[in-house]
Amino acid sequence: MLATTVTASPSLWPAAGAAAQGSGNAALAVRTPGRSAPPAFDAAPQQAYAFASKGRGAAGTAGAPLREREHAMDAREALMLGRDSEGRLVRRPLSPHLQVYKPQITSVLSILHRISGVALAVGTGLLVSWLMAVASGPAGFAEAQAFFGSILGRLMLFGWTLALFYHFCNGIRHLAWDLGYGYDLETVTRSGWLTVGASVGLTLFAWILGYAMLG
């Protein structure tokens with residue numbers, strides 16, 4: 001049994017394997033300098049190379065000499081190798097993949113962050129249209145006020161306000177991550193629910209205050 005060891009940078013640890021030549025099975029492992037190797041897993045070498053070279057046009061012949069340049073597996077490709085529940089060698093799905101991964105608070109809030117960004121762009125367009133109606137004169141202003149005062153208009157304003165506060169609160173959360181804080185699972189979950197609670201609370205407070213000022 002012949003195994004080929006691939007050296008990966010510590011930032012890519014742990015990787016999932018490297019291609020090897022030979023007959024039978026080959027042990028796939030990635031070793032990082034200064035660290036112990038993870039448990040190796042067995043895979044047919046030709047299968048491993050076929051998955052690794054998929055999309056790059058590379059081809060190998062069973063039993064033929066392997067040249068290092070042609071058969072070197074990129075560390076990112078090695079990370080994509082894995083096995084399914086039946087033990088077959090497969091390429092891991094890309095993340096996020098909504099058809100594979102179970103929804104978690106981190107993934108849901110990440111998706112909502114993007115949706116809220118789109119909602120803010122649409123809401124900003126509505127705000128600009130309201131300002132243009134104000135500048136156009138009494139008739140245009142009355143029409144704009146009638147629309148935003150309707151049930152549909154108020155629902156859109158409420159959604160825009162919620163998107164604004166959510167994007168703001170989650171942006172602070174992402175800023176903390178950029179500074180290197182809050183990456184452990186407990187803190188990530190706690191900060192996620194705190195973001196949701198703060199967004200809803202600030203939205204309700206803004207609307208209650210607005211209605212109170214209108215009398």
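Note that these values count all heavy atoms, side chains included, but never hydrogens, waters or copies made by symmetry.
Under the 4.5 Å side-chain contact rule for hydrophobic residues, I151 and L157 do not share a cluster. Each of W177 and V108 belongs to its own hydrophobic cluster when Ile, Leu, Val, Met, Phe, Trp and Tyr are linked at side-chain heavy-atom distances under 4.5 angstrom. Hydrophobic cluster membership differs between L194 and F168, with clusters built from Ile, Leu, Val, Met, Phe, Trp and Tyr side chains linked at under 4.5 angstrom. A continuous path of Ile, Leu, Val, Met, Phe, Trp and Tyr side chains, each step under 4.5 Å between heavy atoms, connects Y211 with L152, placing both in one hydrophobic cluster. Tracing side-chain contacts under 4.5 Å through hydrophobic residues (I, L, V, M, F, W, Y), one reaches F148 starting from V134; they form part of the same cluster.
In this structure, CD1 in I105 is found 12.0 Å from CG in L185, a value given to the nearest 0.5 Å. In this structure, OG1 in T187 is found 5.0 Å from CZ in R190, a value given to the nearest 0.5 Å. From H113, atom NE2 reaches atom OG1 of T195 across 10.0 Å, with rounding to the nearest 0.5 Å. With values rounded to the nearest 0.5 angstrom, S116 atom OG is found 7.0 Å from N170 atom CG.
F158 CZ: more than 12 foreign heavy atoms inside a 6.0 Å radius.
Tested against Y166 for a side chain to side chain contact (heavy atoms under 4.5 Å, CB included), the candidates L109, L120, I115, T161 yield a single pass: L109. The one candidate from L204, T203, L202 that meets the side chain to side chain contact (heavy atoms under 4.5 Å, CB included) condition with V200 is L204.
The minimum heavy-atom distance between A198 and C169, with the atom names listed, is CB-SG, 3.9 Å. S191 and R173 get closest at one heavy-atom pair: OG-NE, 2.9 Å.
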*What do the steps show when you test F141 against Q145 for side-chain contact (heavy atoms from CB on, under 4.5 Å), and what is the final call?*
CA-CA 6 Å; F141 176 71; Q145 284 294 90; 3.4 Å; yes
*Go through the steps for W130 and F147 under the test side-chain contact (heavy atoms from CB on, under 4.5 Å), then give the verdict.*
CA-CA 10 Å; W130 182 83; F147 172 75; over 6 Å; no
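No donor-acceptor contact under 3.5 angstrom links the side chains of S150 and R154, judged on distance only.
Remark: side-chain polar atoms of S129 are paired, donor with acceptor, to backbone N or O of L126 under 3.5 angstrom.
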